[in-house]
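Structure first, then comments.
Throughout, a chain's letter reflects where its sequence line sits, starting with A, and its residues are numbered from 1.
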Protein chains: 2
Amino acid sequence: MRKTKRERKKEIRRELIIDSAVEVIRRNGFEQATMNEIAREADLGKGTLYLYFRNKADIYLAINERGSGLLNQQLREIILQNKSGIEILDELGNAYLRFIKKNPVFFMAASYYENLLKNNILTESSLTKECEKHAKEAMTYIVRSLQIGIQDGSIRNSHDPYKLGLIIWSASRGVVHAAHQSEILKSAEHSGSEEMDYASLLGIFIDVLRSGIKNDQ
Amino acid sequence: MRKTKRERKKEIRRELIIDSAVEVIRRNGFEQATMNEIAREADLGKGTLYLYFRNKADIYLAINERGSGLLNQQLREIILQNKSGIEILDELGNAYLRFIKKNPVFFMAASYYENLLKNNILTESSLTKECEKHAKEAMTYIVRSLQIGIQDGSIRNSHDPYKLGLIIWSASRGVVHAAHQSEILKSAEHSGSEEMDYASLLGIFIDVLRSGIKNDQ
DNA sequence: CCTCATAAGTGACCGGGAGTCATTTTTCAA
DNA sequence: TTGAAAAATGACTCCCGGTCACTTATGAGG
């Protein structure tokens, strides 16, 4: 009994640190966040952070883990709806977009994770495994929607759903990145000349994708 | 006369520093590169680097500028060929892929630049302007190929070419990112079960894109 | 209610990297 | 040849991530 109480307290402290890190990043930006300030925000000594996380990277990974968990929750609901494959795919895309827009810090943490992955500088741990699991889960939902679409005839059966899923996932990420950027640029120079917002851009992309994979006869 | 000589020497030194930085990154990885080691590689004192660049970020930006310049050179040649719009688009994609594969350091520097852009932490300078110019130039080639395609009837005229260009550009980047990653993972665990290489993935993407935008009647 | 072993917490300290600047070395026009 | 300006330098500062010897809190057993 005592033991579980201890562990619950530990878990709460851990979450507190993650909360504080998110807050500091939100306030100062991702690159400007320091361990000292995260500790101060959490009302803890710097050394204490290292009782809960191996290093700074692990805190960021933990943020990503939390974020991707929340995102997957959203996606999970969509996949259960009784709709055609292509409609589900559409909604998945929009849910992703909404999530990113609402949680920029999670977006940054995800980019950070992807970057570590790309540069192959991630020490295996339960955290990295969890992050990988979540990423794969998200992929699963896309692949599932494609399979449903092939089944119900709304998506043409000309490519391996797994590969196609990976492509759609990564391409969407690219577009959302760009949309995010151009959103920033636009707000910076407030040139209302051309509407180049998130929704517009991703909307066109989904449109192209639709005609690219839909079954038309 | 004297003056131009000085300036030429300066220009050569500058290029030397960029060369050295590329070499150090290639050897040690992007994150592990230090100003000290770049200086040593260039046979210069550390302080000297700061006569040619304001800071480390500017060196990375200069690498990106060089890289995007080289890439644009490739793209420029393609756009001049007398082919259908959709064929040109296809070749642009493949040229990009080849370039990335051949010049991973330029790819890293480009990612770095994009990241700074995304996080809005770039101090305006001639360098950032040059980077932006190059990025826009690449975009131009894609847009041009789309316009040619709409003209010659190989691409359907249902979207604004500029928006569509931005989407294709960013989506391609996303796919290449992912392909790059999965390439790394594959080589790490050499599981030859599924071919998930660059060419395969981007090939499917281009295929989907083709059917998504091609004019079929 | 005390005792003390162990867990939790801490911040001074360390190594190392980015960026600075007082000083030295090089260049070249007069 | 010379000396003023330009170029080069590396010891130094500052700051950050991470460590560790020490302090404080906890709670089971007497």
request  = Mind listing the closest non-hydrogen atom pair of A:Ala138 and A:Leu75 along with its distance?
outcome  = CB-CD1, 4.2 Å
Test: A:Lys118 cationic atom under 6.0 Å from B:Phe107 six-membered ring centre, within 45° of axis = yes
message = Is A:Arg13 close enough to C:dG9 that one of its side-chain N or O atoms is under 4.0 Å from OP1 or OP2 there?
response = yes
request  = Quick one: list whatever passes salt bridge (charged side-chain N to carboxylate O under 4.0 Å, His left out) with A:Arg26, sequence neighbours left out.
outcome  = A:Glu23
request  = Carefully, step by step, assess A:Glu132 and A:Leu117 under the rule side chain to side chain contact (heavy atoms under 4.5 Å, CB included).
outcome  = CA-CA 10 Å; A:Glu132 200 184 331; A:Leu117 212 61; over 6 Å; no
inquiry  = How many whole angstroms separate atom CG of A:Leu44 from atom C1' of D:dT24?
reply    = 14 Å
request  = Heavy atoms only: give me the nearest A:Ala171-B:Val175 pair and the separation to one decimal.
outcome  = CB-CG2, 3.9 Å
task = Note the angle between the end axes of the helix from C:dC1-D:dG30 to C:dA30-D:dT1, five pairs defining each, rounded to 10 degrees.
result = 20°
task = Under 4.0 Å from any atom of DNA chain D, heavy atoms only: list the residues of residues 49-61 of chain A that qualify, in numerical order.
result = A:Tyr50, A:Asn55, A:Lys56
message = Can you identify which nucleotide, out of D:dG10, C:dG9, C:dA12, has its nearest atom closest to the A:Lys46 side chain?
response = C:dA12
message = Looking at every non-hydrogen atom in both residues, tell me the closest pair between A:Ile88 and A:Ser145 and how far apart they are.
response = CG2-CB, 3.6 Å
message = With hydrogens left out and only the distance checked, is there a donor-acceptor pair under 3.5 Å joining A:Lys10's side chain and the base of C:dA8?
response = no
key: Short side-chain to backbone donor-acceptor contact, A:Lys56 and A:Ala33, under 3.5 Å   = yes
request  = Please state how far atom CZ in B:Arg14 lies from atom P in D:dA6, giving the value in whole angstrom units.
outcome  = 20 Å
inquiry  = Going by side chain to side chain contact (heavy atoms under 4.5 Å, CB included), name the residues that satisfy it together with A:Thr34, two or more places apart in sequence or in a different chain.
reply    = A:Asn36, A:Glu37
remark   = Atom CG of B:Leu16 and atom P of D:dA7 are separated, to the nearest Å, by 16 Å
A:Phe30: partners by ring pair (Phe, Tyr, Trp, His ring centres under 6.0 Å), with sequence neighbours left out = A:Tyr60, A:Tyr112
query = Quick one: does B:Lys10's side chain have a donor or acceptor within less than 3.5 Å of a partner on B:Tyr52's backbone?
reply = no
ask   = Quick one, which residues of residues 27-42 of chain A touch DNA chain C with a heavy atom under 4.0 Å?
value = none
task = Before giving the answer on side chain to side chain contact (heavy atoms under 4.5 Å, CB included), spell out for A:Thr48 and A:Ile17 the whole-Å C-alpha distance, their side-chain angles and the decisive distance to 0.1 Å.
result = CA-CA 10 Å; A:Thr48 309; A:Ile17 293 172; 5.6 Å; no
